[in-house]
Engineer: 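So that we are looking at the same thing, I have put the structure below in structure tokens.
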Number of protein chains: 2
Amino acid sequence: MIRTQALTFTQDCNDCPIRHRAVCARCETDELARLEEIKYYRRFEAGQSVVWSGDRMDFLGSVVNGVATLTQTMEDGRTQMVGLLLPSDFVGRPGRVEAAYDVTATTDLVMCCFRRAPFERMMHETPHIAQRLLEMTLDELDAAREWMLVLGRKTAREKIASLLAIIARRNALVGTADDHAVTLELPLTREAMADYLGLTLETVSRQISALKRDGVIVLTGKRHVAVPDLVRLMAEAGDDTDGGLPA
Amino acid sequence: MIRTQALTFTQDCNDCPIRHRAVCARCETDELARLEEIKYYRRFEAGQSVVWSGDRMDFLGSVVNGVATLTQTMEDGRTQMVGLLLPSDFVGRPGRVEAAYDVTATTDLVMCCFRRAPFERMMHETPHIAQRLLEMTLDELDAAREWMLVLGRKTAREKIASLLAIIARRNALVGTADDHAVTLELPLTREAMADYLGLTLETVSRQISALKRDGVIVLTGKRHVAVPDLVRLMAEAGDDTDGGLPA
DNA sequence: GAACGCTCTTGATCTGGGTCAAAGTCAGGC
DNA sequence: GCCTGACTTTGACCCAGATCAAGAGCGTTC
């Protein structure tokens with residue numbers, strides 16, 4: 001059920017694979033060149049804030065490397081992560097300068113950014129870009145709704161398994177892996193995982209221990225996880241597995 | 001925090017206010033005429049399914065009247081509502097014929113539909129439409145993420161208050177109301193509310209009783225709710241109230 | 001107007017996950 | 001090597017909300 005995005009980078013875009021996928025899948029050469037002009041890179045250290053909710057955000061861009069999170073906070077301090085930005089994911093809303101969420105780098109992070117004004121101008125002149133952004137936003141919406149099911153109806157164990165499955169799937173496409181066994185590096189602390197899953201960090205820790213005890217995962221270090229059987233993991237997540245993996 | 005969409009219909013669009021807002025806010029007259037050609041109305045009875053997840057959906061459209069829900073279901077029968085479609089909301093994904101969710105009318109429903117093929121053709125030829133759809137989709141994404149906070153971090157009482165506040169705000173704009181007192185008709189059964197909130201119907205019922213006991217709401221019939229003080233209700237929902245209401 | 005089928009309310013009890021507390025692991029700095 | 005601080009694990013206990021169960025309200029049908 002968790003839709004996997006095709007990360008089919010093309011060689012003609014090797015200095016910034018992201019730019020290609022994110023906003024320019026069907027652009028002509030001269031359009032690519034224009035994007036090139038307004039593009040720049042930003043680096044963030046693990047733990048650093050990219051932007052705070054309500055602040056001015058004068059760029060839009062995609063993650064090249066590393067992991068960032070989108071979180072919402074209530075006045076009393078309760079927080080909920082509402083999005084996980086993995087390489088190739090796009091942040092920023094055209095036409096609205098104030099950030100709607102806190103964006104935080106959870107690992108060292110490299111982003112490919114576009115300055116807002118020229119990007120928006122270009123979007124208005126280049127129909128492909130708005131159409132591409134629409135597709136990407138629809139994918140994000142599907143992912144958010146998928147996550148609503150996780151938050152609203154799954155047990156703690158299923159929630160952990162769902163998160164691991166998402167990361168494993170994204171990883172599996174980038175790295176090499178046979179269909180059923182995957183290893184992955186958790187880019188999140190237990191606390192950040194809890195924020196994503198609507199749990200406490202203690203519960204996260206306990207459920208990870210339980211999955212380990214039951215052989216669903218093998219821990220080789222706090223953050224390094226081996227999944228011997230991805231199908232098993234997805235079953236633990238409560239997902240239907242049909243069509244999930246290539247045959 | 002719950003963003004309210006401006007439902008500013010213009011008089012030049014009186015036979016189908018929705019069409020205007022939904023996809024053609026900036027179209028020229030001839031484009032409006034083309035939309036007119038491919039538009040038709042569909043009516044559904046309360047309880048009837050609009051489309052099942054996975055089925056072919058050969059139209060897109062917006063709600064004119066009534067309420068529909070988007071729900072996701074797990075194999076074991078657990079369900080989670082992932083969206084509430086109130087008048088002026090749009091359903092359907094351009095470029096993807098299979099519905100991703102179950103769409104169900106919870107009241108008698110009128111939709112203004114566009115046949116898929118000509119609509120998509122028009123979208124590709126008319127940049128305004130893709131841009132408008134992008135904006136609408138970004139609004140939906142914000143709403144979905146808002147809801148993730150509700151599902152993941154709010155208590156049962158706060159969840160109920162949040163739902164009432166959403167409906168009250170949408171209602172308040174359409175109907176007449178002074179700033180602080182609103183009455184509304186619940187378009188959902190207790191069970192549907194539970195599905196939206198990630199609760200059981202018993203808990204929904206108990207919390208509604210509690211809010212009534214505490215004077216936050218006044219029940220005049222099972223489904224008819226008077227909110228004497230919307231600010232109070234929003235405080236119960238755990239929302240920050242700044243900017244929420246006109247002064 | 002009795003019987004039926006919904007929807008909703010309320011009570012009693014149970015439990016998954018939260019809360020509080022303490023101890024274990026590990027990387028980096030000196 | 002040992003200290004420090006951040007992260008993680010584990011234990012004991014508790015409570016919000018789930019579950020199970022019984023009725024109550026109320027519109028429809030015949």
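To find a chain, count down the sequence lines: A is the first, B the second, and so on, and within it residues start at 1.
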Engineer: Return the 5'-most residue of the pair B:Leu188, A:Lys222 with respect to DNA chain C, ranking by each residue's nearest nucleotide.
Structural biologist: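 With B:Leu188 and A:Lys222 compared, the 5'-side residue is B:Leu188.
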Engineer: For residues A:Asp102 and A:Ser53, is any side-chain donor paired with an opposing acceptor at under 3.5 Å?
Structural biologist: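 Absent: no donor and acceptor within the cut-off.
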Engineer: Can you check the A:His224 NE2 to C:dA27 P distance for me, whole Å?
Structural biologist: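 Interatomic distance, NE2 of A:His224 to P of C:dA27: 14 Å.
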Engineer: NZ of A:Lys212 versus P of D:dT8: gap in Å, rounded?
Structural biologist: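 Whole-Å distance recorded here is 13 Å.
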Engineer: Quick one: do the A:Tyr41 and A:Asn65 side chains pair a donor with an acceptor below 3.5 Å?
Structural biologist: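 A:Tyr41 vs A:Asn65: no donor-acceptor pair found between side chains.
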Engineer: In whole angstroms, how far is the C1' atom of D:dC7 from the CE atom of A:Met193?
Structural biologist: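 Whole-Å distance recorded here is 13 Å.
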Engineer: With a 4.0 Å cut-off on heavy atoms, is B:Ser205 in touch with a base, just the backbone sugar-phosphate, or nothing at all?
Structural biologist: base
Engineer: Can you tell me how far P of D:dT10 sits from CG of A:Leu219, to the nearest Å?
Structural biologist: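 From A:Leu219 CG to D:dT10 P: 10 Å.
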Engineer: Which part of the nucleic acid does B:Arg157 contact within heavy-atom distance under 4.0 Å: base, sugar-phosphate only, or nothing?
Structural biologist: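 Nothing: the residue B:Arg157, judged by heavy atoms under 4.0 Å, touches no strand.
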Engineer: Between the side-chain atoms of B:Arg206 and the base atoms of D:dT19, is any donor-acceptor pair under 3.5 Å?
Structural biologist: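 Yes, a donor-acceptor pair under 3.5 Å.
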Engineer: Applying a 4.0 Å non-hydrogen cut-off, can you work out what B:Gly198 is touching in the nucleic acid: base, sugar-phosphate, or nothing?
Structural biologist: sugar-phosphate
Engineer: In whole angstrom, give the distance that lies between atom CZ of B:Arg223 and atom P of D:dG25.
Structural biologist: 18 Å
Engineer: Check A:Lys154, A:Lys159, A:Arg169 against A:Asp239 for a salt bridge (Lys or Arg N to Asp or Glu O under 4.0 Å) and give me the one that passes.
Structural biologist: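 By the salt bridge (Lys or Arg N to Asp or Glu O under 4.0 Å) criterion, A:Asp239 pairs with just one of A:Lys154, A:Lys159, A:Arg169: A:Lys154.
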Engineer: With sequence neighbours excluded, what pairs up with A:Arg78 under the side-chain hydrogen bond (donor to acceptor under 3.5 Å, both in side chains) test?
Structural biologist: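 A:Asp76, B:Glu158.
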Engineer: Counting heavy atoms from C-beta on, name the nucleotide in C:dG17, C:dT25, C:dT7 closest to the side chain of A:Thr155.
Structural biologist: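 The answer is C:dG17, which lies nearest to the side chain.
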Engineer: Taking the six-membered ring for Trp, are B:Tyr40 and B:Phe59 parallel (under 30°), tilted (30 to 60°) or perpendicular (over 60°)?
Structural biologist: perpendicular
Engineer: Could you tell me the separation between the CZ atom of A:Arg190 and the P atom of C:dT19, rounded to a whole number of Å?
Structural biologist: 19 Å
Engineer: What is the distance from CG of B:Leu199 to C1' of C:dG16, rounded to the nearest Å?
Structural biologist: 15 Å
Engineer: Does B:Arg213 make a side-chain donor-acceptor contact with the base of C:dT9, cut-off 3.5 Å?
Structural biologist: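 No, the side chain and the base share no sub-3.5 Å donor-acceptor pair.
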Engineer: For A:Ile160 and D:dT9, give me the distance from atom CD1 to atom C1', rounded to whole Å.
Structural biologist: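 Roughly 14 Å, once rounded to whole Å.
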Engineer: Any side-chain N or O of B:Thr203 below 4.0 angstrom from OP1/OP2 of D:dA18?
Structural biologist: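 Answer yes for this pair, as a side-chain N or O of B:Thr203 is under 4.0 Å from OP1 or OP2.
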Engineer: If you look at every strand shown and take non-hydrogen atoms under 4.0 Å, does B:Leu201 touch a base, only sugar-phosphate, or nothing?
Structural biologist: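 It contacts base atoms.
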Engineer: Identify whether any heavy atom of B:Thr200 sits under 4.0 Å from a base atom; if not, whether one sits that close to sugar-phosphate; answer base, sugar-phosphate or nothing.
Structural biologist: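 Here B:Thr200 touches the bases of the nucleic acid.
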Engineer: Is there a donor and acceptor pair, one atom on the side chain of B:Glu202 and one on the base of D:dC20, closer than 3.5 Å?
Structural biologist: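 Under the 3.5 Å cut-off, the side chain and the base do form a donor-acceptor pair.
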